[in-house]
Amino acid sequence: MNNCVVHHAVLVAGAAKQQLGYVRLATFNSNTTAAAQEAFYDLQKQGVAGLVLDIRNNGGGLFPAGERLSASLSAGGCLKQAVLFCGMP
């Protein structure tokens, strides 16, 4: 089993010192949705106001896993606001 969530942490951003959750996904596999949601809920418990979902250098993987993750975010499940980094660093 590959660990798709490489890292998650709380970042402090902007002049207002707003806390943002950061989640780095390395791949989309059968564990992606559950592992990402676990990270999202952990960050939510820490009081983050938004989410940075970093999929740079993500090698891809199972298309349905990406769809499920997208659906869980767009359904308003965990967090109100998300930023997706998928371009070059």
Side-chain angles (χ1 to χ4, degrees):
M1 251 194 247
N2 291 335
N3 184 6
C4 52
V5 176
V6 173
H7 177 72
H8 77 278
V10 175
L11 309 172
V12 178
K17 304 291 186 207
Q18 188 175 35
Q19 288 190 324
L20 299 174
Y22 171 85
V23 177
R24 166 82 175 92
L25 292 179
T27 189
F28 292 107
N29 61 33
S30 60
N31 302 318
T32 298
T33 302
Q37 286 179 336
E38 184 178 325
F40 298 158
Y41 289 126
D42 180 54
L43 292 167
Q44 186 180 33
K45 285 190 291 186
Q46 295 180 57
V48 300
L51 172 68
V52 176
L53 180 57
D54 186 351
I55 59 170
R56 292 175 293 172
N57 301 313
N58 179 310
L62 299 176
F63 186 74
E67 287 182 312
R68 283 190 302 274
L69 179 61
S70 175
S72 72
L73 288 171
S74 63
C78 307
L79 302 166
K80 298 175 187 169
Q81 179 180 50
V83 176
L84 179 65
F85 287 118
C86 55
M88 297 299 289

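All values below come from the heavy atoms of this structure, side chains included, with hydrogens, waters and symmetry mates left out.
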Let me confirm one number: the [atom1]-[atom2] distance from [X] to [Y], rounded to the nearest 0.5 Å.
X   : Y   : atom1 : atom2 : answer
D42 : Q37 : CG    : CD    : 13.5 Å
D54 : Y22 : CG    : OH    : 3.5 Å
E67 : F28 : CD    : CZ    : 11.0 Å
Q44 : F40 : CD    : CZ    : 11.0 Å

Atom of [X], atom of [Y] and distance for their closest heavy-atom approach:
X   : Y   : result
A36 : L69 : CB-CD1, 3.7 Å
A65 : T33 : O-OG1, 3.7 Å
T27 : N29 : CG2-ND2, 3.5 Å
N58 : L25 : ND2-O, 3.3 Å
G47 : Q19 : O-OE1, 3.8 Å

> Would you say the side chain of T32 lies within less than 4.5 Å of the side chain of L62, judging by non-hydrogen atoms?
Replying inline: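 A side-chain contact is absent here, since even the closest heavy-atom pair is not under 4.5 Å.
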> Would a 4.5 Å heavy-atom cut-off, applied to side chains only, mark R24 and N57 as touching?
Replying inline: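 Yes, close enough: below the 4.5 Å cut-off.
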> Has Q46 got more than 12 heavy atoms of other residues, nucleotides or ligands less than 6.0 Å from its CD?
Replying inline: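 More than 12 heavy atoms, drawn from other residues, nucleotides or ligands, come within 6.0 Å of this atom.
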